[in-house]
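Quantities reported herein were computed from a predicted structural model and do not represent experimental measurements. Numbers here are sequence positions counted from 1.
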Amino acid sequence: MGFIDDHYLLDSDVAVEIYDSIRDLPIVDPHSHADLEEIVVDEGWTDIWEVEGSTDHYVWSMMRKRGVPERKITGDASNKEKWLALAEIFPELAGNPTYEWIHLDLRRQFGIEKPISADTAEEIWTETKQQLDDPSMRPQRLLEEMDVEVLCTTDDPTSDLEAHERAATEVDGIDVCPTWRIDRAVHVEDAAWGEFVEELAASTGTDTSTLSGFLDALAETHDYFHDHGCRASDLSLTEPVSRPVSRQRARTVYRRAHDGHNLTETELRDLQAFLIEAVGKLNAEKDWVTQLHIGPVRDYRDSLAETVGADAGGDVSTQTIELTENLRYFLNRFDDEMEIVLYTVDPTHYPSITTLTRAFPNVSVGPAWWFNDSPHGIEEQLRQVGSVDLLANHAGMVSDSRKLMSFSSRFEMFRRVLANTLGEMVERGQIPTEHATQLGHHLSYDRPKSLYSF
């Protein structure tokens, strides 16, 4: 098998057959961090670092691990200096999915098959820079070439969604949907929560000094997002919390939080539980999907957070969270009322999560996320879901990407691993080829379309 050849990640002829049947299916992406303004403006990029490294904390983390100074990662070095620094250590990234994604990008989008190294860095820089000048390399044309059918962005409730309004008329052939990302509304413990409360008041013209006003303002943004095509909310939590909390109790705690008092742990969790249930009620009324991203410990490396800022590659995962009891009330409260997708950043949580999703037909396991979206991580998760829950009820794939150039590479990796996993089941006599092929098509395309009602 050659490097990223036709049999890449495919160990058998039947895996190749299954992959060939799903490789060209349109991309349906329910969760991304795409810069919609970049897509709408459609001006393109100037160099390979801009498309591969400037927004990617996966790349930044790997460069730091190999001793590249921060100046050549997020600092004031030129883009060419940063690319050359990345290329010099790139052979040492082998085994990490970042190594494969970027090589896939070069092959699929630029037609460049040479491996990245110090010896090829200058040549790749020049060749990609020339190609990026061509109109065919602008964002909208690339999305068309990748056959992206649905693209969901991640948006704060206070967003005016102006870029989405422009996309509706200026981006042809792609359904672009916002996602109601409510972290800032629920993370009452964050110092910036008060700023969000004020921004919410300003964006809706509603007095948010009381719990009722805050909930009314949130509901107004929910309606606004729905009118702009939104069909899902998203919330990231280190540890979920759900339990019945009376409105009177929530009102009292909200008033204390709004007035700047330090909340006790019990008060904090009570208010969060109330707000998460309130979000669930709004979603159930409109038949939205509720996405919960569980487990990240963000900005864990203090020096990085202080010098570079949030989302810079200093986040970690943790095993030490409780899932079953903490999700029990929420899952039962919305049993069969709306679709719920659970993502976990720590793979040791899959055994618990898959038993939860097995118990509730309206709850699904989200794709292998963050530290797990490698060939190994995807395969292990598919095996766990298929053996405990049902592969047919897996949520499918999302890009979770901040860089448009890698959208198709991430989906290609998933589809190849999926085909190989199904192919192995065929080889072992667990499933006939016909059913394996149908399941591959279902998870690659039909499942996300039906789950999110696209």
Salt bridge present between R301 and D315 (N-O < 4.0 angstrom): no

Aromatic plane relationship, Y343 with H293 - under 30° parallel, 30 to 60° tilted, over 60° perpendicular: parallel

Salt bridge flag under 4.0 Å for residues R166 and E37: yes

Test log, rule side chain to side chain donor-acceptor pair (under 3.5 Å), inputs D29 and S399: CA-CA 6 Å; D29 188 0; S399 74; 2.6 Å; yes

Pair W180 + H226: ring centers closer than 6.0 Å: no

Audit row: T421, E424, side chain to side chain donor-acceptor pair (under 3.5 Å) steps and yes/no: CA-CA 5 Å; T421 303; E424 185 175 276; over 6 Å; no

Ring center gap for F196 and H187 short of 6.0 angstrom: no

Distance-minimising heavy-atom pair for Q140 and E170: OE1-O, 3.1 Å

T221/T158 under side chain to side chain contact (heavy atoms under 4.5 Å, CB included): CA gap, chis, key distance, verdict: CA-CA 7 Å; T221 69; T158 62; 5.9 Å; no

Ring-ring centroid check F411 F407, cutoff 6.0 Å: no

Heavy-atom neighbours of R298 CZ exceed 12 at 6.0 Å: yes

Exercise: do T153 and H164 side chains pair donor with acceptor under 3.5 Å: yes

Short N-O contact, K114 and E127, less than 4.0 angstrom: yes

E38/K403 salt bridge by N-O under 4.0 Å criterion: no

Least distance between heavy atoms, T204 atom then A217 atom: OG1-CB, 3.6 Å

Stepwise side chain to side chain contact (heavy atoms under 4.5 Å, CB included) test for L237 and L235: CA-CA 6 Å; L237 294 162; L235 173 63; 3.6 Å; yes

Whether over 12 other heavy atoms sit under 6.0 Å from K286 NZ: yes

Aromatic ring pairing Y99/H103, orientation class (parallel under 30°, perpendicular over 60°, tilted between): perpendicular

Salt bridge E379-R383, side-chain N to carboxylate O under 4.0 Å: yes

Q130 and T126: CA distance, side-chain angles, deciding distance, side chain to side chain donor-acceptor pair (under 3.5 Å) verdict: CA-CA 6 Å; Q130 291 173 347; T126 300; over 6 Å; no

Parallel, tilted or perpendicular, as decided by the 30° and 60° cut-offs, for the rings of W288 and H222: parallel

Derivation and outcome, side chain to side chain contact (heavy atoms under 4.5 Å, CB included), residues N372 and Q381: CA-CA 8 Å; N372 307 306; Q381 195 213 41; over 6 Å; no

Whether F414 and H394 hold their rings parallel, tilted or perpendicular, with breakpoints at 30° and 60°: parallel

Electrostatic pair R358-D389, nearest N-O below 4.0 angstrom: no

Cationic N near anionic O, under 4.0 Å, E92 to R66: yes

Identified side-chain contact (heavy atoms from CB on, under 4.5 Å) partner of L404 from the options V148, L143, L151: L143

Worked check of side chain to side chain contact (heavy atoms under 4.5 Å, CB included) between V40 and V171: CA-CA 7 Å; V40 171; V171 180; 4.3 Å; yes

Side-chain donor-acceptor contact under 3.5 Å, N362 with D336: no

R181/D156 salt bridge by N-O under 4.0 Å criterion: no

CG/D13: more than 12 non-hydrogen atoms of other groups inside 6.0 Å: no

Atom CG of D5: over 12 foreign heavy atoms under 6.0 Å: yes

Over-ring placement of R416 relative to Y19, 6.0 Å and 45° cut-offs: yes

Pair K449 + E149: basic N to acidic O under 4.0 Å: yes

Ring-face cation contact, Y58 with R410, 6.0 Å cut, 45° max: yes

E199/R184 ion pair, N-O < 4.0 Å: yes

For V341 against Y452, the heavy-atom pair lying closest together: CG2-OH, 3.9 Å

Under 3.5 Å: donor-acceptor pair, side chain of H228, backbone of Y224: yes

Trace of the side chain to side chain donor-acceptor pair (under 3.5 Å) decision for S408 with Q109: CA-CA 9 Å; S408 64; Q109 313 310 332; 2.9 Å; yes

Heavy-atom pair of closest approach, residues L327 and P240: CD2-CB, 3.8 Å

Member of R107, R23, R108 meeting the salt bridge (charged side-chain N to carboxylate O under 4.0 Å, His left out) criterion with E412: R108

